[in-house]
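Below, chain A is the first sequence line, B the second, and so on; all start at residue 1.
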Amino acid sequence: MIALVDCNNFYASCERVFNPAIRNKPVVVLSNNDGCVIARSAESKALGIKMGEPYFMLKEQVKQHGIEVFSSNYTLYGDMSNRVMKTLAEFTPNLEVYSIDESFLDLGHFYSKDLQQYAWEIKNTVFDWTGIPVGIGVAKTKTLAKIANRLAKKSNKANGVLVLQEPEHVKAALERTEVDDIWGIGRQHARFLRNNNITTAYDLTLQNDSWVKKHLTIVGLRLVKELRGEPCLELEEVSSPKKNICTSRSFGSPVKNLCSLEEATALYASKCAYKLRQQGSCASAITVFITTNTFANTKQYYNSRTIQVPTPVNSDLHLIQYASIALKSIYVEGYIYKKCGVIVSDLAPENTMQLSLFDGADTGKHRDLMKTLDNLNGKYGKSMVKSAAQGKKDASWLLKSEQLSPCYTTKLNDVIVARL
DNA sequence: TCTGGGGTCCTAGGACCC
DNA sequence: TCTGGGGTCCTAGGACCC
């Protein structure tokens, strides 16, 4: 049996743990740049606030209902996530951390225990140890566990924990689940299924395998088998290294000049370089893209450029150099830019790197330099030491984060300031 | 005025090989 | 009218996830 443990309204719950004054108030957390709503407490959902709603369209409601608004604080959420996952690891030797707020737990070894009771023990312990409320669904496959989890949260009777084991319970759950709500069925496939009179998960399990494969590909067929109780998706306990890494942001205020774009590109290139080093990879291709604001009624421009490099790299300085060349080749004056980003691809492990015969990249020197840089920044705070190309920390193009909460769990200084 | 930022996998079609 | 039979690799685009 597999359990899916999912944190309720995760970002909003994180804000509440350290701020008791907002525990019974409606809370929303905004996307980067304070753009739109990405997390809502139960009270905010009840007010009808939608996922992805632009914040500027919400200001009246915020005032009217006293909604507590927060910029997203990924330092805090990442640390809280670690605490939750560590707690979950106490309950099983086999666990897959699926996202920042979800984990699959293999409960196969506990068949003799009462699963319902065990799930409750997990739920209560996570809350006691971290302050984060979770929902738990238990079933024979990952896809069914997802369905159980969803119903666990919806049903008053289940109250956050649902075990689907008996065939009649599984069938009832499938009949209560619309195709749109199945994990792995997105908008397009849901519309297609509805057009074919398949409206519930149960309907889908009755379809013929070859028809499913023809229209929903092999991915859809696996999904249908999982719904029927046949496991097709393994628990992935070790996360495999990323094949692409991207860092991109919208600007806090519109950008026209090349100089600001260069600073932003340098910053994102160095973030990509850091992520590469963290997973022990080097990149052979570096892409830079820039775009105007697609929502605005102004002249639009989008372009990107990919540079293949002779020797794979993961040094800030190399990445920044290549990214700058790419940027200059696509920059056109006269547009108002909203966003840019850096993508690194063709990744290879750094210890099996193929060196170029004609390239004097000084790989060893850069490796030592980056190790020192990472050590210093790890000890004294990120961007303590950085390339001058990244510009100053008060640049106007930087993200808007006007309602940021303190990093309660990772920065002592933040907490002291907050208390004062 | 103001609309996020990451990822993965699959398929079809083209170019190429013998 | 008829015009082989395998393959591989790459890319773009589409679908999905959080």
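Contacts of A:Lys338 with the nucleic acid, taken as non-hydrogen atoms under 4.0 Å apart, involve only primed sugar atoms and P, OP1 or OP2. The residue A:Asn32 sits close only to the backbone: its heavy atoms come under 4.0 Å of sugar-phosphate atoms, none of a base. Using a 4.0 Å heavy-atom distance criterion, A:Lys271 is classed as making no nucleic acid contact. Nucleic acid contact class of A:Tyr55 (heavy atoms, under 4.0 Å, all strands): none. No contact: A:Leu216 has no heavy atom under 4.0 Å from any strand. Counting any heavy atom pair closer than 4.0 Å across all strands shown, A:Ile100 reaches no nucleic acid atom. Heavy atoms of A:Lys243 sit under 4.0 angstrom from primed sugar atoms or phosphate atoms, though from no base atom. Looking at heavy-atom distances under 4.0 Å, A:Thr247 makes contact with sugar-phosphate atoms alone, never a base. Using a 4.0 Å heavy-atom distance criterion, A:Ile343 is classed as making no nucleic acid contact. Counting non-hydrogen atoms under 4.0 angstrom, A:Leu30 reaches nothing in the nucleic acid. Across all strands, A:Glu53 comes closer than 4.0 Å to no nucleic acid atom at all (heavy-atom distances).
Regarding contacts with the backbone of C:dC17, every side-chain N or O of A:Lys146 stays at 4.0 angstrom or more from both OP1 and OP2. Taking 4.0 angstrom as the limit, A:Lys339 places none of its side-chain polar atoms (N or O) nearer than this to OP1 or OP2 of B:dT3. Distances shown here put every side-chain N or O of A:Lys213 at or beyond 4.0 Å from the OP1 or OP2 atom of B:dT11. For A:Asn33, no side-chain nitrogen or oxygen approaches OP1 or OP2 of B:dT3 to under 4.0 Å.
Set against B:dC10, C:dC18, B:dC2, the side chain of A:Phe56 has B:dC2 as its closest nucleotide. The side chain of A:Trp183 sits closest to C:dC18 out of C:dC18, B:dG5, C:dA15. Distance from the side chain of A:Gln188 is smallest for C:dA15 among the nucleotides C:dC18, B:dC10, C:dA15. Considering only side-chain atoms of A:Ser250, the nucleotide from B:dG5, B:dG7, B:dT11 that sits closest is B:dG5. Of all nucleotides listed (B:dT3, B:dC10, B:dT8), B:dT8 comes nearest to the side chain of A:Lys242. Picking from B:dC10, B:dT8, C:dA15 the nucleotide with the shortest atom distance to the side chain of A:Arg222 gives B:dC10. Comparing B:dT11, B:dG5, C:dC18 against the side chain of A:Leu399 picks out B:dG5 as the nearest. For A:Tyr98, taking side-chain heavy atoms from C-beta onward, the closest of the listed nucleotides C:dC17, B:dT8, B:dG5 is C:dC17. Distance from the side chain of A:Asp101 is smallest to C:dC18 among C:dC18, B:dG7, B:dT11.
Nucleotide B:dC18 forms a pair with C:dG5, judged by Watson-Crick or G-U wobble geometry with both contacts under 3.5 Å.
Across the interface with DNA chain B, nearest-nucleotide mapping of A:Cys246 and A:Met57 shows A:Met57 to be the residue nearer the 5′ end. Taking for each of A:Ile218 and A:Ser31 the nucleotide of DNA chain B with the nearest heavy atom, the 5'-most of the two is the partner of A:Ser31.
Protein atom CG of A:Asp34 is 10 Å distant from nucleotide atom C1' of B:dC2, rounded to whole Å. Rounded to a whole Å, the CE atom of A:Met51 is 14 Å from the P atom of B:dG5. Computed from coordinates, the A:Lys400 NZ to B:dT1 P distance equals 12 Å when rounded to whole Å. Rounded to whole Å, atom P of B:dT1 lies 18 Å from atom CG of A:Leu58. Across the protein-nucleic acid pair, A:Ile182 atom CD1 and C:dA15 atom C1' stand 15 Å apart, rounded to whole Å. Atom-to-atom, CG of A:Asp346 to P of C:dC9 comes out at 15 Å; the value is rounded to the nearest Å. At whole-Å resolution of the value, CG in A:Leu233 and P in C:dC16 are 16 Å apart. Across the protein-nucleic acid pair, A:Leu223 atom CG and C:dC17 atom P stand 9 Å apart, rounded to whole Å.
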Worked check of side chain to side chain donor-acceptor pair (under 3.5 Å) between A:Thr177 and A:Asp181
CA-CA 6 Å; A:Thr177 304; A:Asp181 297 324; over 6 Å; no
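Between A:Phe70 and A:Tyr11, the distance from one ring center to the other does not fall under 6.0 angstrom. For A:Phe104 and A:Trp183, the ring centers sit closer than 6.0 Å to each other. Between A:Trp211 and A:Phe192, the ring center distance clears the sub-6.0 Å criterion.
Of the N and O atoms on the side chains of A:Ser329 and A:Arg305, at least one donor lies less than 3.5 Å from an acceptor on the other residue. Under the 3.5 Å distance criterion, with hydrogens and angles disregarded, a donor-acceptor pair is assigned to the side chains of A:Tyr77 and A:Glu15. Between the side chains of A:Ser71 and A:Asp34, a donor-acceptor pair is found at a separation under 3.5 Å.
The same atom, P, is picked in B:dT3 and in C:dC18; the two are 25 Å apart, to the nearest Å.
Using bins of under 30°, 30° to 60° and over 60° for the plane-to-plane angle, the ring pair A:Trp397/A:Phe251 lands in the perpendicular bin.
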